Amino acid sequence: MTSFLAFAELCQKVEATAGSLEKINLVAAFLSSLDEPELSVACSYVMGTIFPPSQSLAMGVGPSILYEALSKACGCSTEQIGEMLRATGDPGLVAAGVVEKRRPIGFAAFQESRPLSIADVSERFMAVARASGKKSQDIKVKNLQYLFSLASPLEARYIARLAIEDMRIGIGEGGMRDAIALAFHEIGADAERVEQAYNLTNDMGLVAVNARRGTLAELSIMIHRPIKMMLAQLGESIASALGEIGTAAIEWKYDGARVQIHKDADHVWIFSRRLENVTASLPEIVQTAKEIRAQSAILDGEAVAIGKDGRPMAFQDILKRFRRKYNVEKLAARIPLRLFLFDLIYLDGRSVTDLPLRERRDLLEKIADPGILADQVVSASKEAAEEIYRQALAAGHEGIILKNPASVYAPGKRGKNWLKIKPVMETLDLVVIGAKWGEGRRASLLGSYRLGCQDAATGNLLDMGFVATGFTDESLAELTEMFRELIVLEKGMEVEIKPAVIFEVAYEEIQKSPNYSSGYALRFPRMVAVRYDKSLEEADSLERVVSLYRGQRGRVIP
DNA sequence: ACTGATGCGTC
DNA sequence: GTCGGAC
DNA sequence: GTCCGACGACGCATCAGT
């Protein structure tokens, strides 16, 4: 029985260690000391996940419920917590600080009991996740409160971070893979095998237990158990991608949502990018999948909303379909999804991931009608690729993907066997009108900036969202100092800023927004330059935003 | 019965 | 999704 | 090249509060 304190001490050491190898050594040594149930839990926890996707459980705890639990456990106000958060930029340190000053209330009687074990914490988290229905938030809060009232400051630090599934100690899937391989290498585990097992199960705890038992090889592809999807890397240009791949399989990059379809006779399951079961939301895809001419199969593709005009609908419309539980058929009629299959993972009892793409494609074409296949052209010609690219964009999609026809299906891998090409979008010059204090690495820095455009009619600035990427650490520090002088108002973690500075912001697409006063927002905004040379009046106007919105992606909106 | 906040998934 | 930083 | 963290908009479900 391992104490939770031991786990917390490990996390502290790992967090304080800079080098990744050293981090992995620490984790590996810890894993070796655990019994089986603890091992399973600890592997997930170190990475900051509480439940593997297959369990279909979620904590349902975010900052709000966490801080409520902390304040109740320790008898401090939410204002105090807000102050600490602004100062530290770290929910974990807030929890530690609050617990340090804890006034024993409520569960004081438990103070006498034994120290928390990993299993204790895991049990409480289970209770938190299971709570649903009326008063469920109270139940979540009470369970967390119980943990905080028994925890030392160090334990509280990691209980808090775990509760919101955000560990930030520098170990992710890659680090844990290496740690498991190192811990159990004598039983035959190596990074390659561990990674493979993880990509097939998506459950690091399960992988670790099997690594220790020496049964990693038993974790294999099975119908009804989703596997990680192969991902595309961003290519520089069509020419460079062709230079990399040579003769490439060229496909449109659809603006939709990824789906992994499992079919077993008449049974169909559909899994999303994060391997959530989304079958119930996508009846027409289920229907389509039933027509696949195979006894059993796992297929990979994209679900795209196609409007009456044959053009893709806004991505926002696709979001209305995913995760929907009610009025599914009604929305399906209004926002019909089409399936474009581009890969085959499993066929009639056998994994085909080891076959080259061109053979998988051949098999796919045998079992699926052309109407549900993504078009594919195999070519080494730059002109041909450029033509397909133009067509994809003109059709309203994102760009193209160039794939190596000789490559295997590598679950979970983002590599140069699949290269995506997207256009460089235009930029907008927008006024910084607010900001938010950051967390973690961005603690005590302004880490996110609210942007506004000019409304020529009224002379007002209308906001259109935030930008938080494209900054170097250095530029962020400078900007924070500069904006500090311009702060007009502070409210929680948000700050209002006197309009004076212009950011040039790149984006993928302009979206209609129900959340911002301009009525528009940017998809994937990133800061590309601070335009010290521009004055407020030279910032872009709403009129320009609207006209860009109407003309984008070959779309003409009347 | 309705609204707003919150969490969590898609990109 | 994007991006920067560390290794 | 790879991994990790610090962040973006949006829409649905759920729950608390009215």
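Quick note on labels: first sequence line is chain A, next is B, and so on, each numbered from 1. It should be emphasised that the depicted structure is a prediction, and the values quoted were computed from it without experimental measurement.
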Could you state the atom-to-atom distance from [atom1] of [X] to [atom2] of [N] in whole Å?
{"X": "A:Ile318", "N": "C:dG1", "atom1": "CD1", "atom2": "C1'", "result": "14 Å"}
{"X": "A:Leu476", "N": "C:dG4", "atom1": "CG", "atom2": "P", "result": "11 Å"}
{"X": "A:Arg526", "N": "C:dG4", "atom1": "CZ", "atom2": "C1'", "result": "14 Å"}
{"X": "A:Glu504", "N": "C:dC3", "atom1": "CD", "atom2": "P", "result": "13 Å"}

Using a cut-off of 4.0 Å on non-hydrogen atoms, how would the nucleic acid contact of [X] be classed: base, sugar-phosphate, or nothing?
{"X": "A:Met59", "result": "sugar-phosphate"}
{"X": "A:Val278", "result": "nothing"}
{"X": "A:Ile65", "result": "sugar-phosphate"}
{"X": "A:Lys140", "result": "nothing"}
{"X": "A:Tyr507", "result": "nothing"}

Using the salt bridge (charged side-chain N to carboxylate O under 4.0 Å, His left out) criterion, which residues pair with [X]? Sequence neighbours excluded.
{"X": "A:Lys320", "result": "A:Asp317"}
{"X": "A:Lys413", "result": "A:Glu195"}
{"X": "A:Arg484", "result": "A:Glu481"}

Legend entry - Cation over ring face, A:Arg177 and A:Tyr198, 6.0 Å, 45°: no

Legend entry - Qualifying salt bridge (Lys or Arg N to Asp or Glu O under 4.0 Å) pairs with a residue from residues 323-333 of chain A, counting only residues at least two apart or across chains: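 Residue pairs with at least one partner in residues 323-333 of chain A: there are none.
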
Legend entry - Pairs meeting criterion salt bridge (Lys or Arg N to Asp or Glu O under 4.0 Å) with involvement of residues 227-241 of chain A, two or more places apart: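 As it turns out, the salt bridge (Lys or Arg N to Asp or Glu O under 4.0 Å) pairs with a partner in residues 227-241 of chain A, which skip direct neighbours, are A:Glu173-A:Lys228.
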
Output a table of nitrogen or oxygen pairs between the protein and nucleotides 16-18 of chain D separated by less than 3.5 Å.
{"residue": "D:dA16", "atom": "OP1", "partner": "A:Lys135", "partner atom": "N", "Å": "3.2"}
{"residue": "D:dA16", "atom": "OP1", "partner": "A:Ser136", "partner atom": "N", "Å": "3.2"}
{"residue": "D:dA16", "atom": "OP1", "partner": "A:Gln137", "partner atom": "N", "Å": "3.1"}
{"residue": "D:dA16", "atom": "OP2", "partner": "A:Lys135", "partner atom": "N", "Å": "3.0"}

[X]: partners by ring pair (Phe, Tyr, Trp, His ring centres under 6.0 Å), with sequence neighbours left out:
{"X": "A:Phe51", "answer": "none"}
{"X": "A:His224", "answer": "A:Trp269"}
{"X": "A:Tyr409", "answer": "none"}

Inset, instruction - Would you check if the side chain of A:Lys491 reaches a backbone N or O of A:Glu496 as a donor-acceptor pair within less than 3.5 Å? - result: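 No: the side chain of A:Lys491 does not pair with the backbone of A:Glu496.
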
Legend entry - Exercise: identify the closest heavy-atom pair between A:Leu445 and A:Arg441: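 Heavy atoms of A:Leu445 and A:Arg441 come nearest at CD1-O, 4.3 Å.
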
Inset, instruction - Over 60° means perpendicular and under 30° means parallel, so classify the ring planes of A:Phe503 and A:Phe483, tilted if in between. - result: perpendicular

Inset, instruction - Return the orientation label for the A:Tyr254 and A:Phe340 ring planes: parallel under 30°, perpendicular over 60°, tilted otherwise. - result: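 Correct class here is parallel.
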
Inset, instruction - Step through it carefully: locate the ring centre of A:Tyr549, locate the ring centre of A:Tyr520, and say whether they are under 6.0 Å apart. - result: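 Centroid separation for A:Tyr549 and A:Tyr520: below 6.0 Å.
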
Inset, instruction - Go through residues 19-29 of chain A and report each residue with a non-hydrogen atom lying under 4.0 Å from DNA chain B, sorted by number. - result: none

Inset, instruction - Encode nucleotides 3-13 of chain D as B, S and - characters from 5' to 3', where the letter depends on protein heavy atoms closer than 4.0 Å: B to the base, S only to sugar-phosphate, - to neither. - result: SSSSSBSBBSS

Inset, instruction - Using the C1' atom on both, measure B:dC8 against C:dG1 and round to a whole Å. - result: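 After rounding to an integer number of Å, I get 15 Å for this pair.
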
Inset, instruction - Using the heavy-atom set of chain A and a strict 4.0 Å cut-off, write down the first and last nucleotide of DNA chain B that makes it in, 5' to 3'. - result: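 So the contact region on DNA chain B extends B:dT6 to B:dC11.
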
Inset, instruction - Look at the side-chain N and O atoms of A:Lys422 and state whether any lies under 4.0 Å from the OP1 or OP2 oxygen of C:dT2. - result: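 Answer yes for this pair, as a side-chain N or O of A:Lys422 is under 4.0 Å from OP1 or OP2.
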
